[in-house]
2 protein chains.
Amino acid sequence: MEIVNPGGYDRPVETQRIDPVNCSVARALAVVGERWSLLIVREALDGARRFGEFRARLGMASNLLATRLDTLVAAGVMRRVPYQEPGDRQRFEYHLTEQGQDLRPTLVALLEWGDKYLADPQGPSVIVRHRPADDDTTCEEPVKVVLECAAGHTHLPPEAVYRAPGPGARFLDTARGPVRS
Amino acid sequence: MEIVNPGGYDRPVETQRIDPVNCSVARALAVVGERWSLLIVREALDGARRFGEFRARLGMASNLLATRLDTLVAAGVMRRVPYQEPGDRQRFEYHLTEQGQDLRPTLVALLEWGDKYLADPQGPSVIVRHRPADDDTTCEEPVKVVLECAAGHTHLPPEAVYRAPGPGARFLDTARGPVRS
DNA sequence: ATACTGAGTTGAGAAAATAAACCCAGGAGG
DNA sequence: CCTCCTGGGTTTATTTTCTCAACTCAGTAT
């Protein structure tokens, strides 16, 4: 007897082992999608560098902070930089790499979305402002993310864009060995 | 005896119960920062609506998908829409709300970052393109996110922006009752 | 009657997050 | 010299989440 899998239960693997993540969004999330990672990057963008600073600002468990920093360093988002306070042993700071700084637009987008839909009743707690290079005038105006296409159409609304397959596209039944975290 | 907390161990709570998250980034991540949430939104932006579609595209466990969809609905990112195939019982689809569609820039930013640093050797698997409203010419050019300030300075590099306190800002030692997940 | 589908639910085991104690090197104070 | 204090972690135990895989249920299709 033992009718195994009689109905349309979850397929017995293999058939639907689709590559859910042959997409840079998924790859990106594998690196910075763990709990706390983006918040660590956010604090780093705001100037935090030392273990204790991150811990104090985020209030997270120290062991988890340690492993997250290691992960971010391994992924190339941060870099361990030795320092030594006068008359103290050598310690390390964690600095963003250029790759880490390039997460800024992502964080601004997330901030904007949060401000729009989940803001504190008193208004946003953080405003992102423009600090121009010092030869320029002081601007200080608030910054937003906008979608812009290569033909110069700018301020595209979300529904004016769509996902098209690119050169590295793989399709559903042919995928093998996905990136999976 | 019982010297509790003799060294600089983790502080016994209370003192450093800083609000780590009085910031819309943290609030946003509380909603869409769980594993799979942003991938579900991405698939929805790409046209997925039914349980099975999400499951087939993402390959995730069905129970987790069910709870994620519930969470996203509760958060206002998606909406349950009843439908009925001819001669079948009523079922539900999951559609993005406007709030959900507004996550597009976040996903484009993440995609761009992933493409820049973690791309497939064959190149990106997905390209975001411009689909103008039908009265316009067909554009189809690739889309990018750019940072732009209210004074009209555009294409700001990540280091040209900084975080300034906004009206809802709270500072470290006065915070109580944080949002925390 | 038996099988098949889409859309879930249930339950066991593995992995990750949290909380809180502990460790270690180098000063400072007695 | 001995003890305390600090910054930067590690260890251990508990709780929460995820994953895997089996099961359910309503309604056609065979």
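The shown structure was predicted, so the numbers you read here are calculated from the model rather than taken from an experiment. Order of the sequence lines fixes the chain letters, A, B, ..., with proteins taken first and strands second; residue numbering starts at 1 for each chain.
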Nearest whole Å is fine: how far is [N] [atom2] from [X] [atom1]?
X	N	atom1	atom2	result
B/Leu64	D/dT19	CG	C1'	8 Å
B/Met60	C/dG8	CE	P	13 Å
B/Arg55	D/dT19	CZ	P	12 Å
A/Glu85	D/dG8	CD	C1'	13 Å
A/Leu69	C/dA17	CG	P	14 Å
A/Leu65	D/dG8	CG	C1'	10 Å
B/Arg68	D/dT16	CZ	C1'	12 Å
B/Arg35	C/dA15	CZ	C1'	8 Å

(request) Map A/Arg91 and B/Glu34 onto DNA chain D by nearest heavy atom, then report which one ends up closer to the 5' terminus. (result)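 Whichever sits nearer the 5' end wins; that is A/Arg91.
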(message) Measuring to OP1 and OP2 of D/dT17, would you say a side-chain N or O of B/Trp36 lies under 4.0 angstrom away?
(response)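 Answer no for this pair, as no side-chain N or O of B/Trp36 is under 4.0 Å from OP1 or OP2.
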Residue pair [X] / [Y], side-chain heavy-atom distance below 4.5 Å:
X	Y	value
A/Val146	B/Val145	no
A/Tyr94	A/Ile40	no
A/Pro167	B/Pro124	yes
B/Tyr117	A/Thr97	no

Any pair with a residue in [range] that passes salt bridge (Lys or Arg N to Asp or Glu O under 4.0 Å), sequence neighbours left out, goes on the list, sorted by first then second residue, please.
range	answer
residues 63-78 of chain A	A/Glu34-A/Arg68
residues 101-118 of chain B	A/Asp102-B/Lys116, A/Lys116-B/Asp102
residues 141-164 of chain A	A/Arg163-B/Asp46

(request) Flag yes if A/Val25 and B/Ile127 sit in one hydrophobic cluster, no otherwise; membership is Ile, Leu, Val, Met, Phe, Trp, Tyr, and two members link when side-chain heavy atoms are under 4.5 Å apart. (result)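 Hydrophobic grouping puts A/Val25 apart from B/Ile127.
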Filtered N/O pairs between nucleotides 27-30 of chain D and protein, under 3.5 Å:
from: D/dT28; atom 1: O5'; to: B/Gly87; atom 2: O; distance (Å): 2.9

Dump every N/O contact between nucleotides 11-13 of chain D and the protein below 3.5 Å, one line per pair.
from: D/dT11; atom 1: O4; to: A/Asn63; atom 2: ND2; distance (Å): 3.4
from: D/dT12; atom 1: O4; to: A/Asn63; atom 2: ND2; distance (Å): 3.3

(request) Would you mind classifying the nucleic acid contact of A/Tyr94 as base, sugar-phosphate or nothing, using non-hydrogen atoms under 4.0 angstrom? (result)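 A/Tyr94: backbone/sugar contact only, no base atoms under 4.0 Å.
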(request) Scan A/Tyr83 against the nucleic acid and name what it touches under 4.0 Å (heavy atoms): base, sugar-phosphate only, or nothing. (result)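 Contact class for A/Tyr83: sugar-phosphate only.
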(message) Once salt bridge (Lys or Arg N to Asp or Glu O under 4.0 Å) is applied, do any residues pair with A/Glu93, and if so which ones, sequence neighbours excluded?
(response)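 Scan of A/Glu93 (salt bridge (Lys or Arg N to Asp or Glu O under 4.0 Å), adjacent residues dropped) gives A/Arg50.
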(request) Counting heavy atoms from C-beta on, name the nucleotide in C/dA17, C/dT9, D/dG8 closest to the side chain of B/Ala66. (result)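 Minimum distance to the B/Ala66 side chain belongs to C/dT9.
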